[in-house]
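Atoms within each ligand, like the ligands themselves, are counted from 1 in listed order. Since the model is a prediction, treat every value here as computed from it, not as a measurement.
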Amino acid sequence: MRRVVVVGASAAGLTAAEALRRAGHDGPLTLIGDEPHAPYDRPPLSQQILSGAWPAGRLPLRRDEDLDALDLDLRLGTAATGLDLAGRAVRLADGSRVPYDGLIVATGVRPRRLPGEGAHVLRTVDDALALRDVLTPGTRLVVVGAGFLGAEVAAVARGRGARVTLLEPSPVPLAHAVGAEVGAMLSRVHLAHGVELRTSVTVTEVTEDGVRLAGGEVVEADEILVAIGSLPNTGWLADSGLTLGDGVVCDEYC
Ligand SMILES: Cc1cc2nc3c(=O)[nH]c(=O)nc-3n(C[C@H](O)[C@H](O)[C@H](O)COP(=O)(O)OP(=O)(O)OC[C@H]3O[C@@H](n4cnc5c(N)ncnc54)[C@H](O)[C@@H]3O)c2cc1C
């Protein structure tokens, strides 16, 4: 297999490229990513970056020289817009085509959103920096979704002096992941830190003043973070002929 193209320049795409080189692939290796940044680590976004403890310069997963050593055709800021399976080529947003003998799809997920404009999401370094900049003392932040991400942001935002309301549809946050007992304990920690936690509430939309709940009540906010899960980035594969479900449908051999 000579020309390998990897679409998605984050943790999975980068480590796939590294694994290919380690396994002896010495042919052309293209890594395509729609973000303008070299592959970077996302877990610190909701903690060290949001709190201001780290500059964004600490996020890259590899040093420049280690990336250079992979001898990649690195195409950042370039979205793949389509896949021609029969012609074995990836279509790019600029209209060009990148032919391949082997293709790796590593395009990850994007945040789910709510109807309405003006809410933050947190997936990229740019999202994190934009949210950090508005988390000033006294800012009223509504966080929609008390999963891991929403809970982390609520905690960090309190640390920055924001007034935080955390809205969660289930009766006990994170119960599905850690069980009701630990979920209840985490709720008490949020309350002890001054987070206003409201459970069993469903948010239907983002409004000009805040968010609207299913019963019609508007919870007012200066800033809103929607943290209600993610969707697979399979839009660019829609007409490819690949079987798509909640992601690309694979067999046990990928
Ligand atoms: C704030 C935050 C905190 C997290 N904390 C943790 C944690 O504590 N522990 C943990 O295990 N995990 C955590 N995660 C999850 C972890 O970051 C992901 O599991 C990981 O990023 C998955 O890597 P990936 O390469 O599969 O996909 P992604 O990181 O989603 O990367 C996919 C890349 O492909 C790009 N892309 C998408 N579509 C296209 C296209 N058409 N053309 C070109 N490029 C495209 C995307 O922009 C992205 O750069 C966290 C995530 C976030 C956002």
Note to self: Exactly one of Arg3, Arg88, Arg2 should register a side-chain hydrogen bond (donor to acceptor under 3.5 Å, both in side chains) with Asp101. Which one does?
What the structure shows: Arg3

Note to self: Distance under 4.0 Å to a non-hydrogen atom of Val109: what atoms of ligand 1 satisfy this?
What the structure shows: 30 (O)

Margin query: Does this structure show an ion pair linking Arg42 with Glu35, if we count only N-O contacts that are shorter than 4.0 Å?
Written below: yes

Item checked: Ligand-side contact atoms (ligand 1) for residue partner Ser10, heavy atom cut-off under 4.0 Å -> 25 (O), 28 (P), 29 (O), 31 (O), 32 (C), 33 (C)

Note to self: Other residues, nucleotides and ligands only: do more than 12 of their heavy atoms fall within 6.0 Å of CG on Asp209?
What the structure shows: yes

Next item on the list: Please report the closest heavy-atom contact between Leu244 and Leu237, naming both atoms and the distance.
Entry: CD1-O, 3.8 Å

Next item on the list: Below 4.0 angstrom from a heavy atom of Gly33, which ligand 1 atoms are there? Numbered from 1 as shown, please.
Entry: 43 (C), 44 (N)

Note to self: If you count heavy atoms of other groups shown closer than 6.0 angstrom to CG of Asp133, is the number above 12?
What the structure shows: yes

Notebook entry, point to check: Heavy-atom count around Glu65 CD within 6.0 Å, excluding the residue itself: above 12?
Noted result: yes

Margin query: So for ligand 1, is Arg42 a polar contact partner (N or O within less than 3.5 Å, distance only)?
Written below: yes

Margin query: I'd like to know whether CZ of Arg110 has more than 12 heavy-atom contacts from other residues, nucleotides or ligands below 6.0 angstrom.
Written below: yes

Check: Which atoms from ligand 1 have a heavy atom of Leu149 less than 4.0 Å away?
Finding: 1 (C)

Item checked: Under 3.5 Å: N/O of Ala12 near N/O of ligand 1 -> yes

Notebook entry, point to check: Going by heavy atoms, is Thr124 under 4.0 Å from ligand 1?
Noted result: no

Margin query: Quick check: Glu152 and ligand 1, any N/O pair under 3.5 Å apart?
Written below: no

Notebook entry, point to check: At a 4.0 Å threshold, what atoms of ligand 1 neighbour a non-hydrogen atom of Arg123?
Noted result: 18 (C), 21 (O), 28 (P), 29 (O), 30 (O), 51 (C), 53 (C)

Next item on the list: Please check atom 19 (O) of ligand 1 for a protein heavy-atom neighbour under 4.0 Å.
Entry: no

Check: With atoms numbered from 1 as shown, which atoms in ligand 1 lie under 4.0 angstrom from a non-hydrogen atom of Thr78?
Finding: 43 (C)

Item checked: Closest approach of any protein heavy atom to atom 37 (C) of ligand 1, naming residue and atom -> Thr107 O, 3.3 Å

Check: Should one rank Pro43, Ala79, Gly13 by closest heavy-atom distance to atom 50 (C) of ligand 1, which comes out on top?
Finding: Pro43

Note to self: Please give me the minimum heavy-atom distance between Pro55 and Ile49, naming the atom from each residue.
What the structure shows: O-CD1, 3.7 Å

Check: Do you know the tightest heavy-atom contact between Val5 and Ile32?
Finding: CG1-CD1, 3.7 Å

Note to self: Give me the residue, atom name and distance of the protein heavy atom closest to atom 49 (O) of ligand 1.
What the structure shows: Glu35 OE2, 2.6 Å

Check: How close does the nearest protein non-hydrogen atom get to atom 41 (N) of ligand 1, and which residue and atom is it?
Finding: Ala80 O, 2.9 Å

Next item on the list: Show the numbers, then the answer: is there a side chain to side chain contact (heavy atoms under 4.5 Å, CB included) between Leu70 and Leu29?
Entry: CA-CA 9 Å; Leu70 290 172; Leu29 184 50; 5.9 Å; no

Next item on the list: Give a yes or no on whether Asp64 atom CG has more than 12 heavy-atom contacts from other residues, nucleotides or ligands under 6.0 Å away.
Entry: no

Note to self: For atom 47 (O) of ligand 1, which of the options Val125, Val153, Asp34 provides the nearest non-hydrogen atom?
What the structure shows: Asp34

Item checked: 4.0 Å protein heavy-atom contact status of atom 16 (C) of ligand 1, strictly under -> no

Checklist line | Nearest-option assignment for atom 23 (O) of ligand 1, heavy atoms, candidates Ala106, Gly8, Ala11 | finding: Ala11

Next item on the list: Evaluate the 4.0 Å heavy atom contact test for atom 11 (O) of ligand 1: does a protein atom fall under the cut-off?
Entry: no

